Colleague: 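Got a structure here, written out as structure tokens. Questions coming.
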Protein chains: 2
Amino acid sequence: MARTTLTRDEVLAAAASLVKQHGPAALTMRKLAAELGTAVTSIYWHVGNRESLLDALVERTVQEMGAIRPVGRTPVERILSVARTLRRELRERPHLIAMVHERGLTERMFLPAQQALVHEVHAAGLRGARAADAVRAVQFQIVGYLLVERNRERSPVQSPAESELWDPRAAPDDPELARALARPADPERLFLLSVRALVHSLLTGPPPAPR
Amino acid sequence: MARTTLTRDEVLAAAASLVKQHGPAALTMRKLAAELGTAVTSIYWHVGNRESLLDALVERTVQEMGAIRPVGRTPVERILSVARTLRRELRERPHLIAMVHERGLTERMFLPAQQALVHEVHAAGLRGARAADAVRAVQFQIVGYLLVERNRERSPVQSPAESELWDPRAAPDDPELARALARPADPERLFLLSVRALVHSLLTGPPPAPR
DNA sequence: ACCTGAACACCGTTCAAGT
DNA sequence: ACCTGAACACCGTTCAAGT
């Protein structure tokens, strides 16, 4: 397919396309070579090996996660907007994000978001170590939530299903609770509710008690 | 090695041992056969194929995560004890937990914990849909946090390191904040601080505002 | 019912050889 | 500087054949 001489960028582009469509497991050196119309071994000249090819893809993804622009009137609202933006961007690149995660670069990918959080926590009046704790707590919560959510979506058919797990025996005196837990969660609503609750507590509450 | 006839349980035990020591990628059918002193193909008779062998290991792990016994005087403290217990148990089985996660069974593994949380949220006076939201928010936060923490630990050498990312330019008027963010986080402290803040807000705060 | 080796279709990677 | 095919050491899985 490559009418001109093969290029590292061409290799990366083809690899990214394979990963976006079918996930990282579908990215084999041989399929990639077929896609590019070259010998398998040419790829090695340009990218070293499969591992560093994946590294390069991950690096690209990290770069693509651009700066974050918080919107809203209060710090809480602006932090919520950051959370919402992150959720959207991550959901658009599930396979690549998973690779970033596997490579342990999630933290670095979230640096722009972290800086935005610092700004908002500051605006809310927190300083020093307390502000750092708040930033990290929110960041961990957002990232963690999204990992769990992704996991739920990839879930095979659960057996037993959540609805079977929550028959009324589990909470005999609160059938509405059992019914609510038997229903599937609304992830976006739960996400915003959780972030709001945590942020509210961190920004306005008293300092947490020592353990 | 198997002096007597090969058994499905023997296969599972040997496989679990390989995974615990070197992770799921090290579990190849050929190595497993060598470990058991049988032909590769014998294993197929007992467990079907590699995929269902992994499924069986995951199933075992889910069963092993026994019931949770909350301790403490207040609901908040008892929920914190659940969080601490989960953290410890997960950290003892990193590879197997990762496999559970990859298979989308994390939720099911956490059912005993979820039931404990229901009990505590109830004790704190929440009912119905509001209680269900609180349970799920806490559960998602705990699981999510542990996934992020695991990721951090597996992290290769970060480049640029967190400490380089946080030079004083990022927060010019708060050098203590920059210093705090440049230091590595204390995961257990941050974990308990986060859970405490979220739980406090969910159990005692006003209902969160609509979005 | 249980086990076997041979064979198949896949991998990633190395290397000497080409231009 | 860039590309090639052959070869190597691995995979998971199928299958006909043994007992």
Side-chain angles (χ1 to χ4, degrees), chain A residues 1-60 95-96 98-100 102-104 154 156, chain B residues 1-60 95-96 98-100 102-104 154 156:
Chain A
M1 287 296 169
R3 62 189 72 188
T4 169
T5 179
L6 191 59
T7 259
R8 182 184 156 92
D9 272 352
E10 281 176 356
V11 174
L12 289 183
S17 157
L18 276 178
V19 169
K20 272 190 186 167
Q21 287 174 47
H22 307 109
L27 174 59
T28 75
M29 305 301 269
R30 284 170 158 88
K31 271 187 206 154
L32 186 52
E35 199 80 13
L36 290 164
T38 55
V40 197
T41 44
S42 302
I43 298 173
Y44 282 82
W45 197 92
H46 288 284
V47 298
N49 55 23
R50 185 173 187 272
E51 202 55 21
S52 41
L53 170 58
L54 293 183
D55 283 346
L57 286 186
V58 162
E59 190 56 36
R60 272 201 174 183
H95 291 313
L96 286 167
M99 284 170 52
V100 172
E102 275 162 24
R103 288 181 146 52
R154 272 187 315 173
Chain B
M1 285 296 170
R3 62 190 69 188
T4 168
T5 180
L6 190 59
T7 258
R8 182 185 156 92
D9 272 352
E10 280 176 355
V11 175
L12 289 184
S17 156
L18 276 178
V19 168
K20 273 192 186 166
Q21 287 173 49
H22 307 109
L27 173 60
T28 74
M29 304 302 269
R30 282 169 160 89
K31 273 187 204 153
L32 186 53
E35 198 82 12
L36 290 165
T38 54
V40 198
T41 43
S42 302
I43 299 173
Y44 282 83
W45 197 91
H46 287 284
V47 299
N49 56 23
R50 185 173 187 272
E51 203 54 23
S52 43
L53 170 57
L54 293 183
D55 284 345
L57 287 185
V58 161
E59 190 56 37
R60 271 202 176 180
H95 290 313
L96 285 167
M99 284 170 51
V100 172
E102 274 163 24
R103 287 179 149 52
R154 272 187 314 172

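Every value quoted in this text rests on a predicted model; they were computed, and no experiment measured them. Just so it is clear: chains get the letters A, B, ... in the order the sequence lines come, proteins before strands, and each one is counted from 1.
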Colleague: Side chains of A:S52 and A:D55: any donor to acceptor distance under 3.5 Å?
Modeller: no

Colleague: Take atom CG of A:N49 and atom P of C:dC15, then tell me their distance rounded to the nearest Å.
Modeller: 13 Å

Colleague: Taking the side chain as everything from C-beta on, heavy atoms only, tell me whether A:T38 gets closer than 4.5 Å to A:V11.
Modeller: no

Colleague: Go through D:dT13, C:dC11, D:dC3 for me and flag the one nearest to the A:S42 side chain.
Modeller: D:dC3

Colleague: What is the pairing partner of D:dA9, taking Watson-Crick or G-U wobble pairs with both distances under 3.5 Å in any strand?
Modeller: none

Colleague: Tell me: CG of A:L36 to C1' of D:dT4, nearest whole Å?
Modeller: 15 Å

Colleague: Among the nucleotides D:dC2, C:dT13, C:dC3, which one has an atom lying closest to any side-chain atom of B:L6?
Modeller: C:dC3

Colleague: Of the nucleotides C:dC11, D:dG12, C:dA1, which has the atom closest to the A:R30 side chain?
Modeller: C:dC11

Colleague: Could you check which of C:dC3, D:dC2, D:dT4 has an atom nearest any side-chain atom of A:W45?
Modeller: D:dC2

Colleague: Where the side chain of B:A39 is concerned, which of C:dA1, C:dG5, D:dG5 is the nearest nucleotide?
Modeller: C:dG5

Colleague: Counting side-chain heavy atoms from CB outward, which of D:dC11, D:dT14, C:dT13 is closest to B:Y44?
Modeller: D:dT14

Colleague: To the nearest Å, how far apart are B:R50 CZ and D:dT14 C1'?
Modeller: 18 Å

Colleague: With respect to the side chain of B:T38, which nucleotide from D:dT13, C:dT4, C:dT13 is positioned closest?
Modeller: C:dT4

Colleague: Within this structure, what is the NZ-to-P distance between A:K31 and C:dC10, rounded to whole angstrom?
Modeller: 9 Å

Colleague: Assign A:T28 to base, sugar-phosphate, or nothing according to its heavy-atom contacts below 4.0 angstrom with the strands shown.
Modeller: sugar-phosphate

Colleague: State, to 0.1 Å, how close A:L54 and A:M99 come at their nearest heavy-atom pair, and which atoms those are.
Modeller: CD2-CE, 3.6 Å

Colleague: What does B:T41 touch in the nucleic acid at a heavy-atom separation under 4.0 angstrom: a base, only the sugar-phosphate, or nothing?
Modeller: base

Colleague: What's the CE-P distance between A:M29 and D:dG5, to the nearest Å?
Modeller: 16 Å

Colleague: Can you tell me the pairing partner of C:dT4 across any strand shown, Watson-Crick or G-U wobble, with both distances under 3.5 angstrom?
Modeller: D:dA16

Colleague: Let's see if you can work this out: which of D:dC3, D:dG12, C:dC2 has an atom nearest to the side-chain heavy atoms of B:H46?
Modeller: C:dC2

Colleague: Write down the atom of B:R60, the atom of B:D9, and the distance for their closest heavy-atom approach.
Modeller: NH2-OD1, 3.7 Å

Colleague: Apply side-chain contact (heavy atoms from CB on, under 4.5 Å) to B:L12 and B:L53, showing your working.
Modeller: CA-CA 7 Å; B:L12 289 184; B:L53 170 57; 3.5 Å; yes

Colleague: If I take atom CG in residue A:L32 and atom P in nucleotide C:dC10, what distance separates them, rounded to the nearest angstrom?
Modeller: 17 Å

